[in-house]
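Because the structure is predicted, anything quoted here is derived from the model rather than measured.
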Amino acid sequence: MEQPKAGMPHHLELWVPDLDRAAKSFGWLLDTLGYEPYQTWEHGRSWRLGSFYLVVEQSPALTAPTYDRRRPGMNHLAFHVESRDAVETIVEESEDHGWHLMFTDRHPHAGGEAHYAAYLENEDGFEIELVAPTTEFEDD
């Protein structure tokens, strides 16, 4: 594995209210995006892609029973997706895995006309943005 560039994220840890729900929704999404299962322990799971890994954990130290992306803190995660078709395939399959499409009236341009993306929210309120390449970088 290539040495990561200084400043790149090492990992991200999300504390979740229900590990089983999070493992179902995030596990499916991360597997779909090319991540591989990495770690498993009593209160958590992680998935790795290259040198970066993402953790979902139902920590015993949680101070609230729910997550709200509109409170101070992290609002959402955004992932690159290989193409517009891949974005739509994920959207079509997402409901079977605990996600629903947000901003349906503006999909796939909720982020602006030049931005092709899907915004998904899982049962616990975590938002994921799936961003297709801009057309000048897309393969024909």
Side-chain angles (χ1 to χ4, degrees):
M1 181 184 318
E2 186 176 317
Q3 180 68 23
K5 185 174 180 169
M8 295 299 296
H10 182 270
H11 72 275
L12 175 68
E13 186 167 325
L14 300 175
W15 281 15
V16 299
D18 186 292
L19 179 59
D20 290 335
R21 275 196 312 261
K24 176 187 172 200
S25 64
F26 278 100
W28 169 79
L29 181 65
L30 294 170
D31 287 348
T32 300
L33 295 173
Y35 284 70
E36 296 182 1
Y38 179 48
Q39 300 162 315
T40 300
W41 63 100
E42 181 183 0
H43 298 289
R45 308 284 179 273
S46 70
W47 294 263
R48 181 179 213 120
L49 182 63
S51 62
F52 173 76
Y53 63 96
L54 189 140
V55 175
V56 295
E57 181 176 355
Q58 186 176 352
S59 173
L62 284 171
T63 61
T66 60
Y67 169 77
D68 186 341
R69 65 182 174 78
R70 293 166 292 198
R71 291 183 184 150
M74 188 185 73
N75 177 263
H76 70 279
L77 291 171
F79 293 95
H80 291 284
V81 178
E82 65 188 26
S83 67
R84 291 176 176 199
D85 286 344
V87 168
E88 296 308 324
T89 297
I90 294 170
V91 168
E92 289 171 17
E93 297 173 1
S94 66
E95 257 188 65
D96 292 337
H97 302 280
W99 298 94
H100 71 270
L101 182 64
M102 303 170 71
F103 318 117
T104 56
D105 60 327
R106 297 181 311 218
H107 176 75
H109 298 290
E113 283 304 312
H115 187 70
Y116 195 102
Y119 297 82
L120 302 176
E121 184 177 41
N122 74 1
E123 296 171 72
D124 290 314
F126 287 94
E127 179 183 341
I128 297 296
E129 179 180 355
L130 304 169
V131 183
T134 57
T135 47
E136 70 245 28
F137 298 111
E138 244 180 6
D139 293 329
D140 293 324

Within-4.5 Å side-chain heavy-atom neighbours: Leu30 and Leu49: no
Phe52 ring center near His10 ring center (under 6.0 Å): no
Single-linkage hydrophobic cluster, 4.5 Å side-chain cutoff, Val81 and Leu12 together: yes
His76 side chain to Glu129 side chain, donor-acceptor N/O pair below 3.5 angstrom: yes
Heavy-atom check, side chain of His97 versus side chain of Thr32, under 4.5 Å: no
Heavy-atom check, side chain of Glu36 versus side chain of Arg48, under 4.5 Å: no
Under the salt bridge (Lys or Arg N to Asp or Glu O under 4.0 Å) test, residues paired with Arg21 that sit two or more places apart: Asp18, Asp124
Test item: side-chain donor near acceptor, Gln39 and Trp41, under 3.5 Å: no
Geometric class of the Phe126/Tyr67 ring pair [parallel <30°, tilted 30-60°, perpendicular >60°]: parallel
Glu95 CD: over 12 foreign heavy atoms closer than 6.0 Å: no
Output field: ring centroids Trp99/Tyr119 closer than 6.0 Å: no
Flag, side chain of Glu57 to backbone of Gly44, donor-acceptor distance under 3.5 Å: no
Whether Tyr53 and Tyr38 hold their rings parallel, tilted or perpendicular, with breakpoints at 30° and 60°: tilted
Salt-bridge present (Arg69, Glu121; N to O < 4.0 Å): yes
